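Order of listing sets the numbers, starting from 1, for every ligand and every atom in it. Everything quoted here is computed from the prediction, not taken from an experiment.
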Amino acid sequence: MRKLVGSCLCQKVQIEVPDDFEYMGNCHCSECRKFTGSDYSSVGGLSSENFSFKAGEEFVSVFPKSEDTELAFCSSCGSSLYSRKLKTGKHNIRLGILDDIPTHKPSFHIFTVSKAPWNEITDGLKQFKKGPVKS
Ligand SMILES: [Zn+2]
Ligand SMILES: [Zn+2]
């Protein structure tokens, strides 16, 4: 399986995942918008067992957003890295950290009910007012 490498802005944290996301989508929820500082967050999801660090795991800080969800970021540069779903055992990788180009692309938008008011979704991808959805 081809691998995808990702890294934070300061390059201290480096991760590796198979080029085989179970789903890829854009989340417009207010929490993703806050955490990433962006109009929305593009993520690719996979089983946590397929996620690994290549370097810098000790620089990763975790914010416990809820009982089920941890948000990970680089403690050195602040880059948002991934969210970890504890109950379902998934990692949702922020696609913006990828250094390699994944084979597939995001295929849906979720939580469009809370999208940034200035952000117009003009692609033809499926839209869901809430989420999450299966791919
Ligand atoms: Zn960093
Ligand atoms: Zn979200």
Side-chain angles (χ1 to χ4, degrees):
M1 174 63 64
R2 183 174 171 252
K3 298 277 192 180
L4 300 171
V5 171
S7 58
C8 63
L9 180 61
C10 77
Q11 300 281 306
K12 287 194 169 82
V13 180
Q14 293 180 24
I15 62 110
E16 192 173 68
V17 293
D19 181 17
D20 189 28
F21 290 115
E22 293 168 25
Y23 50 86
M24 296 171 80
N26 302 313
C27 185
H28 297 258
C29 84
S30 57
E31 293 176 342
C32 281
R33 290 175 51 210
K34 291 270 187 204
F35 186 67
T36 64
S38 304
D39 284 2
Y40 58 90
S41 171
S42 297
V43 299
L46 75 172
S47 287
S48 295
E49 62 202 22
N50 293 325
F51 170 91
S52 59
F53 286 103
K54 282 189 77 179
E57 184 174 358
E58 67 272 23
F59 290 101
V60 174
S61 287
V62 164
F63 172 67
K65 184 180 88 161
S66 67
E67 232 176 61
D68 180 39
T69 305
E70 290 180 351
L71 300 179
F73 60 98
C74 173
S75 60
S76 171
C77 69
S79 297
S80 170
L81 301 168
Y82 57 84
S83 71
R84 182 176 169 209
K85 294 285 178 185
L86 301 169
K87 284 183 190 148
T88 54
K90 302 279 187 202
H91 270 58
N92 291 318
I93 311 300
R94 310 277 179 211
L95 296 179
I97 72 168
L98 292 180
D99 297 307
D100 297 317
I101 300 169
T103 298
H104 300 287
K105 292 191 269 193
S107 62
F108 57 85
H109 298 273
I110 56 172
F111 290 104
T112 58
V113 69
S114 53
K115 78 178 180 66
W118 56 84
N119 174 28
E120 241 183 281
I121 301 173
T122 55
D123 59 39
L125 304 183
K126 267 187 275 181
Q127 294 187 28
F128 299 88
K129 284 198 161 63
K130 303 232 161 145
V133 293
K134 297 228 164 72
S135 53

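Here ring pair (Phe, Tyr, Trp, His ring centres under 6.0 Å) pairs that include residues 64-85, with residues two or more places apart or in two chains, are F51-Y82, Y82-H91.
Legend: residues meeting ring-ring contact (aromatic ring centres under 6.0 Å, His included) with F63, ordered by chain and number and at least two apart, are absent.
Each protein N/O/S atom under 2.8 Å from the Zn ion (ligand 2) was counted, for a total of 3. Tally of protein N, O or S atoms closer to the Zn ion (ligand 1) than 2.8 Å: 4.
The closest side-chain heavy-atom distance from S83 to K65 is not below 4.5 Å. Y40 is not listed as a side-chain neighbour of F111, based on a closest heavy-atom distance of 4.5 Å or more.
I97 and L71 fall into different hydrophobic clusters, defined by Ile, Leu, Val, Met, Phe, Trp and Tyr side-chain heavy atoms under 4.5 Å apart, directly or through other members.
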Please lay out, stage by stage, how E22 and K90 fare under the test side chain to side chain contact (heavy atoms under 4.5 Å, CB included).
-> CA-CA 10 Å; E22 293 168 25; K90 302 279 187 202; 2.4 Å; yes
Check against side-chain hydrogen bond (donor to acceptor under 3.5 Å, both in side chains), K85 and T69 = CA-CA 5 Å; K85 294 285 178 185; T69 305; 2.9 Å; yes
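A distance of 10.5 Å separates CD1 in I15 from SG in C8, rounded to the nearest 0.5 Å.
Crowding of E58 atom CD: a count of heavy atoms from other residues, nucleotides or ligands under 6.0 Å exceeding 12.
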